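Here is the structure we will look at.
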Amino acid sequence: MLEVERPRLGCRRAVRVGGAVVGGVRPLLIAGPCSVEPGYVEHALALAAVGADALRAGIFKPRTHPDSFQGMGLEALPLLLEAGRRTGLPLISEVLSADDAEALGDCVDGYQVGARNMQNYRLLEALGDIGRPVVLKRGFSATIDEWVAASEYIRRRGNDDVVLCERGIRTFETRTRNTLDISAVVVARELTDLPVIVDPSHAAGRREWVPALAMAALAAGADGLLVEAHPSPAQAWSDGQQAISLDVLAGLVTATRQPR
Ligand code: PEP
Ligand code: MN
């Protein structure tokens, strides 16, 4: 039998997002709808009941086409506050600009920088100055070195609470939404002391494929998963085709709690 060195968890810089730890002894499961919708508080309660560790809480959405739903924006702040208060879970929300981060104020525990903004250096520096944890997605055409270099823009401003997130890259393949680069987990964990998590949802593009990619990520040593999940995936306002149901999420909860 081929002997593969088992990925070691718990030897990373541990990044605390609210009461959750990324880079600790077990992988963290961040789950939630693609975008916050009017039913978000109920969604959040359902995800918490299943066992999510932290919640996706995007109210500003970077959509490829301007006609697509752009997120609820600041109108959704009361939903974030209520979801955080009632679930007790940390909220991670995508920001497209420093102004977005300021507008979110203390309503969120961590920021997400999306693939399209990985090299928005002024944004990265601003988040470095703010000092809250940042989930930095890999740009879909960025090399691993460019991704790690982008993380340095946050760190050089004194904020080491950065989590790298592989979400698939653009290749010649068109069956999947993106090509999940599993090797990036292994390589980025070797190059940096930062925790590395995987978003299998934006890689797969279809909910049927998400569990297999998630398991592959965990097997490669990912420090967590960022997954789109929705109590009624078909009704989701964005990316419903790749949102997993609560039943499937329950399987990932079990997987992230297995001793490794
Ligand atoms: C997201 O996670 O909501 C998102 C927009 O993903 P990405 O930046 O990876 O496309
Ligand atoms: Mn999405």
Side-chain angles (χ1 to χ4, degrees), residues 17 22 28-37 40 43-44 47 52 54-66 68-73 76 80 90-97 100-101 104 108 110-120 123-124 127 133-142 144 146-147 150-151 162-171 176-182 184-185 188 196-207 209-210 213-214 217 222 224-245 249:
V17 187
V22 200
L28 198 81
L29 182 56
I30 308 163
C34 174
S35 52
V36 168
E37 306 168 13
Y40 184 68
H43 301 164
L47 295 160
L55 296 171
R56 285 179 55 94
I59 63 173
F60 306 113
K61 298 304 299 178
R63 306 306 299 279
T64 300
H65 198 283
S68 305
F69 174 54
Q70 302 286 311
M72 286 183 70
L80 296 190
L91 304 182
I92 298 172
S93 197
E94 178 159 4
V95 287
L96 312 188
S97 66
D100 289 353
L104 283 168
V108 300
Y111 303 117
Q112 178 179 316
V113 173
R116 293 158 186 78
N117 270 314
M118 188 204 85
Q119 288 177 311
N120 182 342
L123 171 61
L124 301 179
L127 298 183
V134 179
V135 173
L136 178 63
K137 289 205 164 187
R138 180 182 180 185
F140 38 67
S141 299
I144 296 171
E146 287 165 342
W147 183 30
S151 73
V162 181
V163 176
L164 298 174
C165 180
E166 161 64 35
R167 48 76 76 201
I169 53 174
R170 188 164 279 179
T171 68
T176 48
R177 182 168 176 179
N178 291 281
T179 298
L180 183 61
D181 183 7
I182 285 290
V185 175
V196 180
I197 66 171
V198 168
D199 169 355
S201 309
H202 290 87
R206 276 195 30 198
R207 75 174 68 93
W209 299 336
V210 168
L213 299 193
L225 299 170
L226 174 71
V227 183
E228 290 189 344
H230 193 287
S232 312
Q235 259 84 60
W237 283 25
S238 55
D239 280 351
Q241 76 289 347
Q242 66 193 32
I244 58 171
S245 65
L249 182 68

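For ligands, and for the atoms within them, numbers begin at 1 and follow the listed sequence. These numbers come from the heavy atoms of this one structure, side chains and all, not from hydrogens, waters or symmetry mates. These numbers come from a predicted model, not from an experiment.
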Would you mind checking which non-hydrogen protein atom is closest to [atom], with the distance to 0.1 Å?
{"atom": "atom 6 (O) of ligand 1", "value": "Lys137 NZ, 3.0 Å"}
{"atom": "atom 5 (C) of ligand 1", "value": "Glu94 OE1, 3.6 Å"}
{"atom": "atom 9 (O) of ligand 1", "value": "Arg167 NE, 2.6 Å"}
{"atom": "atom 8 (O) of ligand 1", "value": "Ala115 N, 2.8 Å"}
{"atom": "atom 4 (C) of ligand 1", "value": "His202 NE2, 3.6 Å"}

| Name of whichever N/O/S atom of Asp239 is nearest to the Mn ion (ligand 2) |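 Of all N, O or S atoms in Asp239, the Mn ion (ligand 2) lies closest to OD2.
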| request: Enter the distance from Leu136:CG to Leu127:CG here, rounded to the nearest 0.5 Å. | output: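 Spacing of CG (Leu136) from CG (Leu127) equals 9.5 Å.
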| task | Quick one: pull up CD in Glu146 and OG in Ser141 and give me the separation to the nearest 0.5 Å. | result |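 Those atoms lie 9.0 Å apart.
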Quick check on contacts: which atoms of ligand 1 are under 4.0 angstrom from a heavy atom of [X]?
{"X": "Arg56", "result": "1 (C), 2 (O), 3 (O)"}
{"X": "Lys61", "result": "1 (C), 3 (O)"}
{"X": "Gly114", "result": "8 (O)"}

| request: Quickly, which of Arg167, Glu166, Glu228 forms a side-chain hydrogen bond (donor to acceptor under 3.5 Å, both in side chains) with His202? Name it, please. | output: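 Option passing the side-chain hydrogen bond (donor to acceptor under 3.5 Å, both in side chains) with His202: Glu228.
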| request: Run through Leu226, Asp199, Val227 and flag the one making a side-chain contact (heavy atoms from CB on, under 4.5 Å) with Ile30. | output: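 So, applying the side-chain contact (heavy atoms from CB on, under 4.5 Å) to Ile30 and each of Leu226, Asp199, Val227, only Leu226 qualifies.
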| Test: Lys61 and Asp239 ion pair at under 4.0 Å |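 No, Lys61 and Asp239 are not salt-bridged.
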| said: So Val108 and Leu80, do their side chains get closer than 4.5 Å, heavy atoms only? | reply: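 They are in contact (side-chain heavy atoms under 4.5 Å apart), so the answer is yes.
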| field | Test item: Glu37 and His230 side chains (from C-beta on) under 4.5 Å apart, heavy atoms | value |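 Sidechains of His230 and Glu37: in contact.
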| How open is the angle at the Mn ion (ligand 2) from atom OE2 of Glu228 over to atom SG of Cys34, rounded to 10 degrees? |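 Taking the Mn ion (ligand 2) as the apex, I get 90° for this pair.
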